[in-house]
Novice: 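Take this structure first; my questions come after.
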Amino acid sequence: MKQQVKVKTIVVALALSFGAQSVVWAQDAVKAGTEEKSQSQRVVVTGSNIKRIDAETAAPLQIISKAEIMQSGAMTVKDILELSTSNDKTAISDLSGANSWASGASGVSMRNLGVSATLVLINGRRLPSFGFADGLQNTFVNVDAIPASAVERVEILRDGASAIYGSSAIAGVINIITRKDFTGVQLSGSKQQSLNNRQLNNQSFANVSAGLGNVDKDGYNLFASLDLYKRGSYSDDFVNRRLPDWYLKLNPARDTSSVGSLSTGAYPGNYTGRYPNNYADPKLAGTRISKAMSGCAATNLIDGLCRYNYWKDSDAMPGAERAAFYSMGNLKISDDLSAWAELQLADTKSTYNTSIPRSNVTGSSLSWYDSLKGELQYFVDPSLPVGHPNNPYSFPIGLNYRFADYPDMFKNIGGSQQYRAVAGLIGKTAGWEWDTAVGFMGGRAHQRQQLYRDRYEYTKAITSGEYKFGQQNSRALLDKMFPVMGSDGKSTESWLDFKASRDIMNLTGGPMTLVLGADVRHETFLHKSMDNILQARIVQFSGVSIDGSRNVSAAFAELNAPLTKKLELDFALRADKSGPTDLEIIPKANASYLLSDHFKLRGTVSRGYRAPSLPETGNGGASWFTGGDDPKRCDMANKIYDALMLGDATDRSNALTAFYSGCQTGFPSTVTPNAKLEPERSRIFSLGFVAQATKDTAITLDYWNVSRFNEIAVRGSDYILAHEDTTTGLVVRGALSPQDIEFAQRASQLAGVPLGFKVGPVQGVRDQYSNVTKTKVAGADLSIRSNWNLGEYGRLSTNLESTIQIDTRWFDPDTQKFSENYVGYRYYPRVVSNVSANWSKNVWSAGARGYFQSERKLAWGAADTSNTIEACAERKVSAAGCKLGADFTVDVYGSYSGFKDLRVGFNLFNLMNRQSQVENRAGGPLPLRGASLKLWGEYKF
């Protein structure tokens, strides 16, 4: 019965993908139309070292052409990659990186397997890693640093290829092919913004490209391209005033018309505290103080308290500025020898304005971890002492205050500089075609922020009266109280590679080709917090210090055997040695069988491989303050709480302290690298077909399945605490404290039974990267591409691409079981489709592109009890409202090239101005979707 349901689900998914339209899809790997194969050039196509025609590949390959990129309106490489339905869009993005360990960068993830499982190349070779690691663990390529104007096409191998490229090619390979034969000078630019408000989706782009020489005629070619990109920002307050009522109802803190959205941490502030119990006036003794400081503007004085709109200081959309340069040169030395070189440079910056800091005079301790001393640190926000210029009372008083002297100083800036230089030779010797290159690349990343307090300078400025509340203080003083802090990262890679191929014998189907090759690399990685963080001066901010290097070497072979005119086999084998890990042998086999001139079966079987990253195996580590229930104390903490609540006022006051000493308690957590890690491995297979349905239409369908195991992760503090007795040495406990003993004795008296903790409180948890988990994903890629010659009416091409997810599961190391299937939940739509139609005639071209996403549940998974049908009903949300319906948007474009040397065009995104889907849950994404317009032009001379 379950199998019938699953088959039915797949059939429905395929039907949804086709829809009710006559337009047809696109598949990358197939050249539609009637072009003769004999006229196609045999080249090295992503996923193999063997020269072939891209339509011949056994592995599923998508090609995004230069024309498709222009028609889509993609302005950045990130935009280009989002044209593929294989891109799950869950990777780190600079749009939401303010609180990330790798702020200011964007990665790419395929098949929901993350940035560490997707390999990004440029012209078949690796790109430098970003200077920070995502989550302090996964190194990745920052796609924001790649100049979009230099891209000729993008080849996306939707299959594992570790046997060809080595580590990380598990979910797929993205190979960015650059322009090589451009001559002349071209200037281009574009401007995009929302049609609803000019501040939304405000992006500007400019490029200059130049090329000189023709390799065939002149013996050389030089090409260079410079991209400049800028994205405008807007504040949370700007957004809040434009949010629909349904969103404000679910997120009342954003309702600026409500007092609840305003903070009592204000400028100039509000006094808070209590009169002493022995105060001279018995009517006031022990009573609470909550009163505005003098000088509060009348418009901000509400119910006797000064209020502050903190939303106006923080960004809902961070601003970004990028400059990216790429150049390439080719030199023909002789008929059998040529040289080439590439240079790539980039500078990126993303700016996240943050809320202005406020005082925290609750009397509670703020805590964090000193990673150098290995000790927990505490800080209590100072009250204004007696005699302070701003203290009108005869006793210390707290002041809820917002440090709004210089609002613009409080921001988080994530920036990076990236470089890549490579040179190589291509030649023919004794029947071998060979290719060798040497290169050096790397990047620096830096994150700088002003928001957190210096524990010493802040206290000094407050208690001494040097900081004047409600007045304009000097910037120098604010810089001491809230100093610049952050991190610096650096990654480098130098390498030498060589490969050679030749035909070794003739078979019935053609020549058998052998490729042999090897490469050696040296990699380094450094990520270190600034000294003021490592010295534990910055309140509530723990540090990171990671340093590692390694040598990587590999040898590989590939054999292509066209056994008959119909059957072709391809075998690849790679031996990879990465640092201290054992030698890894990675095989792959591809096969294709031509059933007829119009139908080909194809399939692949391979192993995937990811070497542990340097942050996972290097030196140092990271620490932060975390929390949770202590399994050895929480049950008793609840019993002591219940007993103390039976006592007098002092007992009841102590009850909550006793509860928090065992439940929802806080403690430092440290994560350290592990030099003994094994590589992550996977089993990958695909099976599909390529069909030339008509002379104008080609169809492909490929089923894919990835089982990844030996995955590297931290076990987490909850797991370690739950398995404390079997994971010795990972939990650090103190002795029973005097407070523990006192509370237990009093609780025992009140309850009439002996109560007391058996172990002391947790003082820290030591975690380490380990091979502890695994993942299973499966699905299908369907594509149809058509090209029609309409004669005097021009040419028309239609393209539809779809990814159907069938299975997505994660392993739980605690239960030793896989999770339920996440497909169909909030972040995992079963069907994602792109459909386009493009028409051209002479100097005119126009087209449309649609984006489809199938219906999803509102819950993120089965464990999300807040968004089940029952939970929705409790908050009066219907079953229909407890899901996200199917979504479809349409973009249109047009261009005209009838002017001399000039081409102009437009892209209208979200033609129907469809608004964001209603998500009936708190904390959903900001509903800002609407129509936007991009105008562009390019001039060549």
Side-chain angles (χ1 to χ4, degrees), residues 75-79 91-107 130-132 134 140 142-148 191-194 197-206 227-240 309-324 345-358 402-418 443-452 475 478-479 482-489 527 529-530 532-533 538 541 925-926 928:
M75 196 176 294
T76 66
V77 168
K78 183 175 181 289
D79 295 338
I92 182 174
S93 168
D94 86 309
L95 295 177
S96 56
N99 298 313
S100 166
W101 286 106
S103 61
S106 300
F130 187 60
F132 293 144
D134 183 20
F140 67 100
N142 178 18
V143 296
D144 291 335
I146 305 171
K191 177 67 176 180
Q192 179 177 330
Q193 66 183 42
S194 168
N197 189 291
R198 65 180 183 179
Q199 284 188 252
L200 297 173
N201 205 4
N202 190 338
Q203 302 178 73
S204 303
F205 177 83
D227 283 5
L228 300 175
Y229 170 84
K230 184 175 182 179
R231 182 182 64 227
S233 64
Y234 47 82
S235 71
D236 279 303
D237 185 59
F238 167 84
V239 170
N240 291 348
N309 179 13
Y310 59 93
W311 293 104
K312 66 184 178 63
D313 303 311
S314 60
D315 281 339
M317 171 64 70
E321 297 178 4
R322 303 172 196 154
L345 304 170
D347 187 289
T348 68
K349 183 176 77 170
S350 297
T351 301
Y352 312 86
N353 287 291
T354 54
S355 294
I356 294 173
R358 54 165 294 179
R402 188 78 54 170
F403 295 88
D405 306 65
Y406 302 94
D408 190 55
M409 69 179 280
F410 299 107
K411 63 184 66 173
N412 184 340
I413 299 176
S416 69
Q417 293 77 43
Q418 180 175 298
R444 293 180 179 271
H446 46 85
Q447 180 261 342
R448 294 291 183 268
Q449 185 174 19
Q450 283 190 270
L451 179 65
Y452 294 85
R475 176 64 186 266
L478 270 294
D479 285 340
F482 303 95
V484 174
M485 42 77 72
S487 305
D488 292 285
H527 183 174
S529 297
M530 291 176 60
N532 54 6
I533 296 175
I538 306 301
F541 206 95
L926 293 172
L928 298 176

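What you see is a predicted model; the values in this text were computed from it and never measured.
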Novice: Check whether the side chains of Ser314 and Asp236 place a donor and an acceptor atom closer than 3.5 Å, and report yes or no.
Specialist: yes

Novice: Decide whether Lys191 and Asn202 meet the rule of one side-chain donor and one side-chain acceptor closer than 3.5 Å.
Specialist: yes

Novice: State which residues pass side chain to side chain contact (heavy atoms under 4.5 Å, CB included) with Asn197; sequence neighbours excluded, sorted by chain then number.
Specialist: Gln199, Leu200, Phe238, Arg242

Novice: Tell me every residue that passes ring-ring contact (aromatic ring centres under 6.0 Å, His included) with Phe410, counting only those two or more places apart in sequence or in another chain.
Specialist: Phe482

Novice: Suppose we screen for ring-ring contact (aromatic ring centres under 6.0 Å, His included). Which residues come up paired with Phe140, at least two apart in sequence or across chains?
Specialist: Phe130

Novice: Listed by chain and number, what are the side-chain hydrogen bond (donor to acceptor under 3.5 Å, both in side chains) partners of Arg402, not counting sequence neighbours?
Specialist: Ser263

Novice: What residues, two or more places apart in sequence or in another chain, satisfy side-chain hydrogen bond (donor to acceptor under 3.5 Å, both in side chains) together with Asn240?
Specialist: Arg254

Novice: Among all residues two or more places apart in sequence or in another chain, which pass the side chain to side chain contact (heavy atoms under 4.5 Å, CB included) test with Arg448?
Specialist: His446, Val484, Asp488, Met530

Novice: List for me each residue that meets side-chain hydrogen bond (donor to acceptor under 3.5 Å, both in side chains) alongside Ser233, sequence neighbours excluded, and say none if there are none.
Specialist: none

Novice: Going by an N to O cut-off under 4.0 Å, is there a salt bridge joining Arg231 and Asp94?
Specialist: yes

Novice: Heavy-atom distance under 4.5 Å between the side chains of Gln450 and Pro357, does that happen here?
Specialist: no

Novice: List in chain and number order the residues that pass salt bridge (Lys or Arg N to Asp or Glu O under 4.0 Å) with Asp347, two or more places apart in sequence or in another chain; answer none if no residue qualifies.
Specialist: none

Novice: Can you name the salt bridge (Lys or Arg N to Asp or Glu O under 4.0 Å) partners of Asp144, sequence neighbours left out?
Specialist: Arg322

Novice: Can you check whether Leu451 reaches Asn412 side chain to side chain, under 4.5 Å on heavy atoms?
Specialist: no

Novice: Which residues pass the ring-ring contact (aromatic ring centres under 6.0 Å, His included) test with Tyr229, not counting sequence neighbours?
Specialist: none

Novice: Could you list the residues that satisfy salt bridge (Lys or Arg N to Asp or Glu O under 4.0 Å) with Asp237, not counting sequence neighbours?
Specialist: Arg241

Novice: Under the salt bridge (Lys or Arg N to Asp or Glu O under 4.0 Å) test, which residues partner Asp315, sequence neighbours left out?
Specialist: none

